[in-house]
Amino acid sequence: MIAQSRPFGQRYAFVVVAVIFFCLLIAAGLRSSPAVMMLPLEHSLGWGRDSVSLAAAIGIFLYGLAGPFAAALMERFGLRRTLLAALLLMSGSTALSFFMTEPWHMVVTWGIMSGIGSGAVAMVLGATIVNRWFKTNRGLVMGLMSASSATGLLIFLPVLAALAQWGGWQWVVIAISIASALLLPLVYFFVPERPSSIGLVRYGGDPDDVPPRSPAAQGNFISHTLNTLWRAAHTRTFWYLFATFFICGFTTNGLVGTHLIAFCGDMGITEIQAAGLLALMGVFDLIGTTFSGWLTDRFDPRKLLGIYYTIRGLSLMYLPYSGFSATSLIIFSILYGLDWIATVPPTLRLANEAFGDGHAPLVFGWILAGHQAGAASAAYFGGIMHEMQGDYVLAFLIAGMTGIIAACISLLINTSKPSFDPEPQPA
């Protein structure tokens with residue numbers, strides 16, 4: 001059992017954030033690993049990039065689809081239980097993939113199993129933690145946790161690329177499995193269910209502060225999850241947020257996260273050097289996303305999204321014509337890195353404003369599903385385009401144009417009136 005007292009008072013919320021940060025970091029490392037495994041699998045097992053891209057796409061899609069159900073599970077059965085089960089599934093599925101010899105083995109382990117497991121260790125987890133543990137400074141904290149994916153790139157990809165180049169794809173599998181398993185005791189001992197479990201209130205809250213409880217805490221969590229989607233889908237705000245986050249996923253971990261290393265390989269750049277570019281993006285995204293959280297607490301999130309998506313779209317259209325020199329790639333990595341996950345804090349704020357604190361984590365889970373559907377589409381789309389054309393040029397140009405479209409959609413979002421009426425409670 002978790003002890004019923006903790007040091008630091010309300011500041012213990014930041015201990016919880018630190019543990020969740022590491023969980024999100026490992027999940028990001030897991031989801032980005034197929035990028036460094038693509039060429040080793042092509043060389044050692046003869047698999048085409050479209051086969052590896054399919055497994056990556058399924059994993060990314062389920063990573064998003066599992067999110068809203070995971071949010072409801074956290075309310076119904078407990079955040080800690082759900083998170084521990086997810087970490088076990090992540091570790092076990094990647095360990096099992098050590099023995100894969102056929103492309104469908106990768107689909108089952110890296111696609112289906114790890115996709116479901118990592119889906120509970122995603123931004124919907126961050127949104128749940130923010131709403132449960134923080135009354136103030138939400139944008140900043142969400143920015144910090146969103147930046148964990150960038151830190152995952154920063155720490156993991158160069159190391160994993162070196163492991164893949166030195167010992168093959170099997171060493172990547174071992175590293176991810178061990179890293180996931182090491183998180184289990186941290187979650188068990190340091191993550192209480194909610195502040196009231198240890199006699200606290202949310203950070204920045206008054207002594208009588210009581211965070212709203214989701215209706216998913218009681219009853220059938222599956223029907224509640226689907227009912228929330230049904231109600232949200234009848235609002236224009238939901239579809240605007242869903243569309244922009246679809247494009248967000250399409251233009252980040254779907255295309256760049258999955259195919260940038262292979263794109264650079266086609267241009268004569270080694271895997272370690274290309275992974276270094278992603279790591280550089282990670283450094284600047286850590287800065288950019290944290291700063292985005294600070295800005296989100298102070299400025300109109302719609303205008304922030306418009307700026308972010310415009311910069312991203314222009315960056316992607318620039319890359320194929322950059323010449324792939326050291327200077328041009330560094331410029332791309334800085335501009336693109338500052339913008340990688342900067343969209344998360346303003347998107348969560350808009351969801352909170354439109355749907356309320358009680359429903360926002362679950363609705364945000366469905367919006368995040370749109371992000372991962374976009375990412376899955378781009379992961380497979382990039383592999384197919386490469387097989388058809390022999391390069392990635394058109395794929396990156398199309399992705400850049402979708403970024404400009406997302407910028408325009410962002411400015412149409414209106415949260416001045418709540419999108420949800422209070423859900424009827426049973427008599």
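Every value quoted in this text rests on a predicted model; they were computed, and no experiment measured them.
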- Task: Nearest 0.5 Å please: distance from the OG atom of S377 over to the CD1 atom of I384.
- Result: 12.0 Å
- Can you establish whether the number of heavy atoms outside Y318 located under 6.0 Å from its atom OH is more than 12? yes
- Verdict with reasoning, T244 to T343, per side-chain contact (heavy atoms from CB on, under 4.5 Å): CA-CA 9 Å; T244 55; T343 54; over 6 Å; no
- Message: By the ring pair (Phe, Tyr, Trp, His ring centres under 6.0 Å) test, which pairs, at least two apart or in different chains, include something from residues 248-290?
- Response: F250-F381, H259-Y392, F263-F324, F263-Y392, F263-F396
- Taken in chain and number order and not counting sequence neighbours, the residues that satisfy side chain to side chain contact (heavy atoms under 4.5 Å, CB included) with A120 are A70, T82, A86
- Query: How would you list, by chain and number, every residue that makes a side-chain hydrogen bond (donor to acceptor under 3.5 Å, both in side chains) with Q273, sequence neighbours excluded?
  - Reply: T270
- Can you tell me how far the CD1 atom of I404 sits from the OG1 atom of T310, to the nearest 0.5 Å? 5.0 Å
- Message: Before you tell me yes or no, could you show the steps for L350 and L305 under side-chain contact (heavy atoms from CB on, under 4.5 Å), namely the whole-Å CA-CA distance, both residues' side-chain angles and the distance that decides it to 0.1 Å?
- Response: CA-CA 11 Å; L350 288 169; L305 288 177; 3.7 Å; yes
- Query: Which residue pairs pass the ring pair (Phe, Tyr, Trp, His ring centres under 6.0 Å) test with at least one member in residues 84-106, sequence neighbours excluded?
  - Reply: none
- Task: Ignoring hydrogens and angles, tell me if any N or O in the side chain of R349 forms a donor-acceptor pair with the backbone of D297 under 3.5 Å.
- Result: no
- Task: May I ask you to decide if I413's main-chain N or O and R302's side chain share a donor-acceptor pair within less than 3.5 Å?
- Result: yes
- When rounded to the nearest 0.5 angstrom, what is the spacing between CD in Q170 and OG in S44? 6.5 Å
- Sorted by chain and number, sequence neighbours left out, side chain to side chain contact (heavy atoms under 4.5 Å, CB included) with L62 holds for I58, L65, I112, I116
Kindly list each side-chain donor-acceptor pair under 3.5 angstrom involving residues 176-185, sequence neighbours excluded, with atom names and distances?
from : atom 1 : to   : atom 2 : distance (Å)
S177 : OG     : S91  : O      : 2.9
S177 : OG     : S91  : OG     : 3.3
S180 : OG     : I176 : O      : 3.0

- Message: Holding to side-chain hydrogen bond (donor to acceptor under 3.5 Å, both in side chains), I want the full list of residues that pass it with S118, two or more places apart in sequence or in another chain.
- Response: R31
- Separation of T327 OG1 from F332 CZ (nearest 0.5 Å): 15.0 Å
- Task: Please state whether the rings of F69 and W366 are parallel, tilted or perpendicular, taking 30° and 60° as the class boundaries.
- Result: perpendicular
- W294 and F291 aromatic ring geometry - parallel, tilted or perpendicular at 30°/60° bounds: parallel
- Query: Judged by atom type as modelled, is there a donor-acceptor pair below 3.5 Å linking the side chain of R202 to the main-chain atoms of R132?
  - Reply: no
- Query: Are the side chain of W133 and the backbone of R194 linked by a donor-acceptor contact shorter than 3.5 Å?
  - Reply: no
- side-chain hydrogen bond (donor to acceptor under 3.5 Å, both in side chains) against S325, all qualifying residues, sequence neighbours excluded: S328
- Query: Can you check whether Y308 reaches C248 side chain to side chain, under 4.5 Å on heavy atoms?
  - Reply: no
- Any pair with a residue in residues 326-345 that passes salt bridge (Lys or Arg N to Asp or Glu O under 4.0 Å), sequence neighbours left out, goes on the list, sorted by first then second residue, please. R312-D339
- Task: For the residue pair I198 and E193, establish whether any side-chain heavy-atom pair is separated by less than 4.5 Å.
- Result: no
- Message: Enumerate the ring pair (Phe, Tyr, Trp, His ring centres under 6.0 Å) contacts for residues 30-58, please, sequence neighbours excluded, ordered by first and then second residue.
- Response: none
- Item | Under the side-chain hydrogen bond (donor to acceptor under 3.5 Å, both in side chains) test, residues paired with S322 that sit two or more places apart | none
- Nearest-0.5 Å distance, CG of residue L186 to CZ of residue F22: 8.0 Å
- Note on the structure: Distance col, row I269:CD1 vs L277:CG, nearest 0.5 angstrom, shows 6.5 Å
- Item | For L163, side chain to side chain contact (heavy atoms under 4.5 Å, CB included) partners two or more places apart | V159, L160, W166, W171, A175
- Query: Are there more than 12 heavy atoms of other residues, nucleotides or ligands under 6.0 Å from atom CZ of F14?
  - Reply: yes
- Message: Show, in sequence, the C-alpha distance, side-chain angles and deciding distance for M106 and L41, and conclude whether the side-chain contact (heavy atoms from CB on, under 4.5 Å) test is met.
- Response: CA-CA 11 Å; M106 187 170 186; L41 285 168; 3.6 Å; yes
- Item | Donor-acceptor contact present, side-chain S292 to main-chain G288, <3.5 Å | no
- Task: Report yes if the side chains of V363 and R231 come closer than 4.5 Å at any heavy-atom pair, otherwise no.
- Result: no
- Task: Indicate whether any N or O donor in one side chain lies under 3.5 Å from an N or O acceptor in the other, for S410 and Y309.
- Result: no
- Message: Determine whether F246 and W239 satisfy the following criterion, ring pair (Phe, Tyr, Trp, His ring centres under 6.0 Å), listing intermediate values before the conclusion.
- Response: CA-CA 10 Å; F246 181 97; W239 288 111; over 10 Å; no
